[in-house]
There are 2 protein chains.
Amino acid sequence: MKNEIEVFRDFIRQKGLRNTPARERIIEEIFSRHDHFDVDELYLRLRGKNKNISKASIYRLVPLLLESGLIQEAYFEDGHLHYEPIYGHEHHCHLRCISCGKTVEFKEKSIHAIEKELARTYGYDVKGHKLEVYGYCDQCKNRLP
Amino acid sequence: MKNEIEVFRDFIRQKGLRNTPARERIIEEIFSRHDHFDVDELYLRLRGKNKNISKASIYRLVPLLLESGLIQEAYFEDGHLHYEPIYGHEHHCHLRCISCGKTVEFKEKSIHAIEKELARTYGYDVKGHKLEVYGYCDQCKNRLP
DNA sequence: GTATGTGCAAATCATTTGCATTCTC
DNA sequence: GAGAATGCAAATGATTTGCACATAC
């Protein structure tokens, strides 16, 4: 299986665009962890490793990473989007606490059948899904009246 | 069944906050349609009806509407969040085109069982979910190489 | 009466853009 | 060599905040 850098190289070539060291460094940093990330945090992580990458370059890369299927939007919080690497990661869904933001990841295979059904009904070429279940976590629900 | 204004009154009283005509006008406008909305659009709709509501009041009300369960975040697009009224509306999920943004709403009852299971496993008091399936719509998929 | 809500304008924060320079292909 | 990508700084756009006044409870 190709790694994320190779996938990106194929993608970028096929689009007639250019690969650069800056882009590979950003992708490496994203995939060095399984965690969700946001632009500012990623910028600081790179900066902490003395990789001289501007925020603008990250902002310019994100749409390409989304389009290539390497990452996905995870959720909007604290005034900005959070993303997650998906290439090479087993798909998972999120269970989030409305009150404290705590998130649990869980696997749910049954959505696959729903995707197929939708593809057939609406003629879509379905690429994936995001399921977020929300409510109050164990601690928060007991703190409420 | 209570209407949305009554639900809000109960909610706001229980929080020890205050209800106002401005808030009721905003809620009325949101629930006058089934559509998704965003803050700016809602502001213009109210302004078009000579309701003098500032954007700041809308921004300040949204978190309360979310917390009360009257509305829900629908998706992030064009640089801002879009919301949808959920109180009194049958729950639905979204099938969105990655390329043109076209969205189809569909019903899916099976998620309810997943919610119950999660509530039991993780001790959450589950309030709802958002499922977004994405891919290329019929037109867009045929436009690609 | 007190604390909350409102409108307005200014401030803030995330994201985008213009530009001169550097780098890929 | 031509077109893309980069870093930086300035511009933009969404959202938040400070404040003086109004108003709900």
Side-chain angles (χ1 to χ4, degrees), chain A residues 5-6 8-30 36-68 71 73-83, chain B residues 5-6 8-30 36-68 71 73-83:
Chain A
I5 300 285
E6 291 162 343
F8 184 73
R9 284 182 190 147
D10 288 352
F11 168 79
I12 212 73
R13 207 166 291 149
Q14 173 232 314
K15 298 234 8 155
L17 298 175
R18 292 168 193 181
N19 193 19
T20 64
R23 290 178 167 181
E24 297 203 353
R25 270 183 249 136
I26 297 169
I27 296 169
E28 272 166 21
E29 185 56 38
I30 291 171
H36 300 173
F37 64 92
D38 59 58
V39 172
D40 193 59
E41 180 202 321
L42 188 56
Y43 171 72
L44 294 174
R45 274 160 60 180
L46 286 158
R47 167 165 279 259
K49 295 183 178 169
N50 294 310
K51 317 265 182 173
N52 228 44
I53 308 284
S54 70
K55 266 191 203 178
S57 293
I58 301 177
Y59 276 112
R60 283 187 271 231
L61 180 59
V62 162
L64 295 170
L65 296 179
L66 289 169
E67 194 186 343
S68 68
I71 67 169
E73 292 175 3
Y75 48 84
F76 183 91
E77 195 174 80
D78 298 328
H80 54 262
L81 279 167
H82 296 246
Y83 305 90
Chain B
I5 300 285
E6 290 162 342
F8 184 72
R9 284 182 187 148
D10 288 352
F11 169 80
I12 213 73
R13 206 166 292 147
Q14 173 232 314
K15 299 238 356 159
L17 297 174
R18 293 167 193 180
N19 193 21
T20 64
R23 290 178 167 181
E24 296 203 355
R25 270 183 249 136
I26 297 169
I27 296 170
E28 273 167 20
E29 185 56 38
I30 291 171
H36 300 175
F37 65 92
D38 59 58
V39 171
D40 194 59
E41 180 203 321
L42 188 57
Y43 171 71
L44 294 174
R45 274 160 61 182
L46 286 158
R47 168 165 279 260
K49 295 183 179 169
N50 292 311
K51 316 265 181 172
N52 227 46
I53 306 284
S54 70
K55 265 191 204 178
S57 293
I58 301 177
Y59 276 113
R60 282 186 273 233
L61 180 59
V62 163
L64 294 170
L65 296 179
L66 290 168
E67 195 186 341
S68 68
I71 69 170
E73 291 174 3
Y75 48 86
F76 183 90
E77 196 174 79
D78 299 326
H80 55 262
L81 278 168
H82 296 246
Y83 304 90

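The figures here come from the full heavy-atom set of this structure, side chains too, leaving out hydrogens, waters and symmetry mates. Numbered from 1 within each chain, the chains take letters A, B, ... in sequence-line order.
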Exercise for the section: Using a heavy-atom cut-off of under 4.0 Å over every strand shown, decide if A:Asp40 touches base, sugar-phosphate, or nothing. Expected result: nothing
Practice task
In whole angstrom, give the distance that lies between atom CG of B:Leu66 and atom P of D:dT15.
Solution key: 12 Å
Exercise for the section: Answer yes or no: is there a side-chain heavy-atom contact under 4.5 Å between A:Phe37 and A:Ile71? Expected result: yes
Practice task
Please round to the nearest 0.5 Å and tell me the distance separating atom NE2 of B:His36 and atom CD of B:Glu77.
Solution key: 11.0 Å
Practice task
Taking heavy atoms of chain A and a 4.0 Å limit, find me the 5'-most and 3'-most nucleotide of DNA chain C within that range.
Solution key: C:dA14 to C:dC25
Practice task
Take the protein atom CG of B:Leu81 and the nucleotide atom C1' of D:dA14, then report the distance between them rounded to whole Å.
Solution key: 10 Å
Practice task
Find which nucleotide of DNA chain D each of B:Tyr59 and A:Ser57 is nearest to by heavy atoms, and output the residue with the more 5' nucleotide.
Solution key: A:Ser57
Practice task
If the plane angle is over 60° it's perpendicular, under 30° parallel, otherwise tilted; pick one for A:Phe11 and A:Phe8.
Solution key: tilted
Practice task
Compare all side-chain heavy atoms of A:Val62 with those of A:Leu81 and state whether any distance is below 4.5 angstrom.
Solution key: no
Problem - Pairwise side-chain contact, A:Ile53 with A:Glu29, heavy-atom cut-off 4.5 Å (strictly under) - result: no
Problem - Separation of D:dT6 P from A:Arg25 CZ (nearest whole Å) - result: 10 Å
Exercise for the section: Go along nucleotides 20-25 of chain D 5' to 3' and tag each nucleotide: B for a protein heavy atom under 4.0 Å from its base, S when only backbone or sugar atoms are that close, - otherwise. Expected result: ----BS
Exercise for the section: Answer whether the closest heavy-atom distance between the side chains of A:Leu65 and A:Ile30 falls below 4.5 Å. Expected result: yes
Practice task
Quickly work out the A:Ile27 CD1 to D:dA5 C1' distance and round it to whole Å.
Solution key: 14 Å
Completion exercise
Residues B:Leu66 and B:Glu73: closest non-hydrogen pair is CD2-N, 3.8 Å
Practice task
Under 4.0 Å between any heavy atoms, over every strand shown, what does B:Ala22 touch: base, sugar-phosphate, or nothing? Just pick one.
Solution key: sugar-phosphate
Exercise for the section: Using a 4.0 Å heavy-atom cut-off across all strands, classify A:Arg60 as base, sugar-phosphate, or nothing. Expected result: base
Exercise for the section: Determine whether A:Asp78 and A:Asp38 make a side-chain contact, defined as any pair of heavy atoms from C-beta on separated by less than 4.5 Å. Expected result: no
Exercise for the section: State, with a plain yes or no, whether a side-chain heavy atom of A:Lys55 is found less than 4.5 Å away from one of A:Asp40. Expected result: yes
Completion exercise
In short, the helix from C:dG1-D:dC25 to C:dC25-D:dG1 is bent end to end, axes from five pairs each side, to 10°, by 50°
Practice task
For B:Gly16 and for B:Ile58, find the nucleotide of DNA chain C with the closest heavy atom, then tell me which residue's nucleotide is more 5'.
Solution key: B:Gly16
Exercise for the section: Kindly indicate whether the side chain of B:Lys51, heavy atoms from C-beta on, has any atom under 4.5 Å from the side chain of B:Arg45. Expected result: no
Exercise for the section: Determine whether A:Glu67 and A:Lys15 make a side-chain contact, defined as any pair of heavy atoms from C-beta on separated by less than 4.5 Å. Expected result: yes
